[in-house]
Each structure stands twice: as C-alpha cells, then as structure tokens.
Amino acid sequence: MGTVVDSTNKEATGSLPINKKVKVVFVLGGPGSGKGTQCANIVEHFGYTHLSAGDLLRAEIKSGSENGTMIQNMIKEGKIVPSEVTIALLQRAIQENGNDKFLIDGFPRNEENRAAFERVTGIQPDFVLFFDCPEEEMEKRLLSRNQGREDDNIETIRKRFKVYMESSLPVIEYYKSKEKVQKIDAAKPVNEVFNAVKAVFTPSGGK
Ligand code: ADP
Ligand code: C5P
Ligand code: MG
C-alpha cells in the first residue's frame with residue numbers, strides 16, 4: 001500500500017517536495033481509449049483524485065504561464081512535453097490536494113517521464129491500469145469527441161498514434177515486466193469497460 005515519500009529533491013524546479021504517504025495508480029492507454037471517461041467513474045466509486053497530465057498541461061497554457069506557448073506547440077504536434085514541466089505540475093497537484101489516493105492519467109508517456117517521476121518524487125505506482133483499444137476505434141472516438149481540442153484533428157491524431165506506439169507502449173511493457181499491469185479491454189461500451197475496472201479496484205477482484 002502506497003509509498004512513503006520524504007523527497008528533498010528539487011529537480012522539478014519550483015515545486016515542493018511531496019512529504020506525505022500517497023497511493024498512485026497510473027492510467028495508461030492510447031489517445032481516445034477512454035482514460036478520462038473511466039477515471040471519472042473511478043473517482044465517483046472509489047474516492048481517488050483524478051490528475052490528467054494532459055488537462056494539467058492545457059490549464060498551464062490557459063494560465064498564461066511562461067511555458068504556455070511551448071506546451072501549446074508540443075500538444076499541437078502530438079509531442080511529449082519535457083518531463084520537468086509535467087512533473088512539476090503533477091507534484092504541485094498532489095501536494096496541494098488533501099487526498100492520499102491519485103489516478104495519474106496519461107503519464108508516464110515515455111521512458112523519460114517514467115524515470116524522472118520516480119527519481120524526483122520517489123513514488124512507485126501501486127499498479128498500472130492499461131486501456132487496450134484498437135487504433136480505428138480510438139480514431140473514431142477522437143474525431144467525435146467535440147471538446148474543441150486543437151489536437152483532435154486527423155493530422156495530429158496520426159502523430160499521436162505514432163508517439164504512442166514508439167514511446168508510450170514501451171513504458172507499459174516495462175511495467176508488464178514488473179507484473180504491475182492490469183489490462184482492460186477498452187473497445188467495449190463504457191459501462192462494460194467500467195465493470196472490468198471495478199473488478200480491479202474491488203479488494204477481492206484484483207490489486
Ligand atoms: P482519453 O482520455 O483516453 O483520450 P476519453 O475518455 O476522453 O479518452 O474518451 C474519448 C472519447 O470517446 C470521448 O468522447 C468519450 O465520450 C468517448 N468514449 C470513452 N469511452 C468510450 C467507450 N467505451 N465507448 C465509446 N465511446 C467512448
Ligand atoms: O492525455 P491527453 O490526450 O490529454 O494528452 C494530450 C497531449 O498532452 C499529448 O498528446 C501530449 O502532447 C501532451 N502530454 C505530454 N505529456 C504527458 C501527457 C500529455 O506531453 N505525460
Ligand atoms: Mg484524456
């Protein structure tokens with residue numbers, strides 16, 4: 001259960017070290033696999049706090065921060081923002097929140113994200129929830145998401161799929177080798193996917 005963290009590492013510039021015991025679940029899967037949708041359900045039923053790395057980065061653009069333009073350009077190109085930026089946002093969100101259970105959605109997205117988060121925060125995930133979904137289904141969902149996102153267009157979607165295959169899947173493979181992955185068939189309807197998710201979060205049904 002959880003990781004005791006008393007980090008004094010200031011590598012993620014400007015962020016406070018995390019000095020409380022937290023339980024972290026990484027929620028991974030391709031763009032449009034349903035991570036955000038299912039995290040909302042998990043929050044409601046299991047009392048976690050949902051931290052979406054993509055949402056934190058989009059909020060940072062809106063806040064007019066000095067990194068805003070760089071983040072916006074990276075998102076438009078489907079590229080992964082340097083870890084120090086994303087980790088500082090995650091650290092601050094964890095530190096400022098009174099909860100001790102977090103779903104970290106869409107992070108770590110590459111090996112650099114994974115290694116830097118572990119190094120800076122000292123946190124290891126309890127497990128990784130992996131939403132497995134065919135690309136054509138994810139493409140269909142993204143093209144009809146309608147949230148006004150600048151990256152939900154076919155050109156950027158293709159770039160995001162490429163980054164996912166080349167950089168994010170190896171992270172899932174890494175956690176598989178550590179027997180930390182709970183794989184969910186995410187191609188099914190929302191309620192069926194959540195039934196599978198519930199089994200993972202219910203004490204007798206998984207980790
Ligand atoms: P992600 O956070 O993984 O990118 P979202 O949760 O934002 O994915 O879902 C992408 C789109 O697909 C949204 O419009 C959402 O309503 C829809 N969606 C999510 N899960 C399903 C599902 N199981 N079946 C059909 N559509 C889904
Ligand atoms: O997870 P989401 O689809 O919201 O991510 C949108 C974009 O945010 C990604 O395509 C990427 O450009 C950026 N991102 C990132 N690093 C992360 C998560 C998201 O750079 N760990
Ligand atoms: Mg999302």
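Read the numbers this way: they start at 1 and go in the same order the structure lists the ligands and their atoms.
Contacts with ligand 2 closer than 4.0 Å are made by no heavy atom of Arg114, backbone or side chain. Of the heavy atoms in Asp151, only side-chain atoms (C-beta onward) come closer than 4.0 Å to ligand 2. For Asn113, every heavy-atom contact with ligand 2 shorter than 4.0 Å involves the side chain, none the backbone. Contact annotation for Lys79 and ligand 2: only backbone heavy atoms (N, CA, C, O) come within less than 4.0 Å of the ligand.
Annotation: Arg149 places an N or O atom under 3.5 Å from an N or O atom of ligand 2; distance criterion only. For a threshold of 3.5 Å applied to N or O pairs, the pair formed by Arg58 and ligand 2 contains at least one separation below that value. Backbone and side-chain nitrogen or oxygen atoms of Arg109 are examined, and one is located within less than 3.5 angstrom of a nitrogen or oxygen of ligand 2. Backbone and side-chain nitrogen or oxygen atoms of Val81 are examined, and one is located within less than 3.5 angstrom of a nitrogen or oxygen of ligand 2. Between Gly54 and ligand 2, a contact under 3.5 Å exists for no N or O pair.
In this structure, Gln72 and Ile75 have side chains that are not in contact, with every pair of non-hydrogen atoms separated by 4.5 Å or more. Proximity of Val171 to Phe26: side-chain heavy atoms (C-beta onward) are nowhere separated by under 4.5 Å.
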(request) Please report the C-alpha distance between Arg92 and Leu89 in whole Å, then the side-chain angles of each, then the deciding distance to 0.1 Å, and finally whether the side-chain contact (heavy atoms from CB on, under 4.5 Å) criterion is met. (result) CA-CA 5 Å; Arg92 190 170 69 198; Leu89 296 173; 3.7 Å; yes
(message) Working note: Leu57 + Thr86, criterion side-chain contact (heavy atoms from CB on, under 4.5 Å); need CA distance, chi angles, decisive distance, verdict.
(response) CA-CA 7 Å; Leu57 290 166; Thr86 316; 3.9 Å; yes
(message) Please determine whether side-chain contact (heavy atoms from CB on, under 4.5 Å) holds for the pair Arg160 and Asp151, giving the CA-CA distance in whole Å, both sets of side-chain angles, and the decisive distance to 0.1 Å.
(response) CA-CA 9 Å; Arg160 290 156 72 197; Asp151 56 347; 3.6 Å; yes
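Scanning all heavy atoms of the two residues, the minimum distance from Met74 to Ile80 falls at CE-O, 3.1 Å. Of all heavy-atom pairs between Phe161 and Glu139, the closest is CZ-N, 3.8 Å.
A donor-acceptor distance shorter than 3.5 angstrom exists from the side chain of Ser168 to the backbone of Arg109, with no hydrogens or angles considered.
Counting heavy atoms only, Ile80 comes closest to atom 16 (N) of ligand 2 of the residues Asn73, Ile80, Leu56.
The nearest heavy-atom contact from the protein to atom 21 (N) of ligand 2 is Gly106 O, 3.0 Å. Of all protein heavy atoms, the one lying nearest to atom 14 (N) of ligand 2 is Leu57 CD1, 3.4 Å. Of the protein's non-hydrogen atoms, Ile75 CG1, 3.6 Å is the one closest to atom 8 (O) of ligand 2.
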May I have every N or O pair linking ligand 1 to the protein at under 3.5 Å, one per line with atom names and distance?
residue: ligand 1; atom: 2 (O); partner: Gly36; partner atom: N; Å: 3.0
residue: ligand 1; atom: 3 (O); partner: Ser33; partner atom: N; Å: 3.3
residue: ligand 1; atom: 3 (O); partner: Gly34; partner atom: N; Å: 3.0
residue: ligand 1; atom: 3 (O); partner: Lys35; partner atom: N; Å: 2.8
residue: ligand 1; atom: 3 (O); partner: Lys35; partner atom: NZ; Å: 2.9
residue: ligand 1; atom: 4 (O); partner: Gly32; partner atom: N; Å: 2.9
residue: ligand 1; atom: 4 (O); partner: Arg145; partner atom: NH1; Å: 3.1
residue: ligand 1; atom: 6 (O); partner: Gly36; partner atom: N; Å: 3.4
residue: ligand 1; atom: 6 (O); partner: Thr37; partner atom: N; Å: 2.8
residue: ligand 1; atom: 6 (O); partner: Thr37; partner atom: OG1; Å: 2.5
residue: ligand 1; atom: 7 (O); partner: Arg145; partner atom: NH1; Å: 2.8
residue: ligand 1; atom: 8 (O); partner: Gly34; partner atom: N; Å: 3.2
residue: ligand 1; atom: 23 (N); partner: Arg141; partner atom: NH2; Å: 3.4
residue: ligand 1; atom: 23 (N); partner: Lys188; partner atom: O; Å: 2.8
residue: ligand 1; atom: 23 (N); partner: Val190; partner atom: N; Å: 3.3
residue: ligand 1; atom: 24 (N); partner: Arg141; partner atom: NH2; Å: 3.3

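Once rounded to the nearest 0.5 Å, the distance linking CD of Gln182 with CZ of Phe131 reads 11.0 Å.
Taking the six-membered ring for Trp and the full ring otherwise, Phe201 and Phe194 have centroids separated by 6.0 Å or more. Residues Tyr175 and Phe130 place their aromatic rings such that the two centres sit no closer than 6.0 Å.
Test Thr121, Val120, Leu90 against Ile18 for side chain to side chain contact (heavy atoms under 4.5 Å, CB included) and you get one pass: Thr121.
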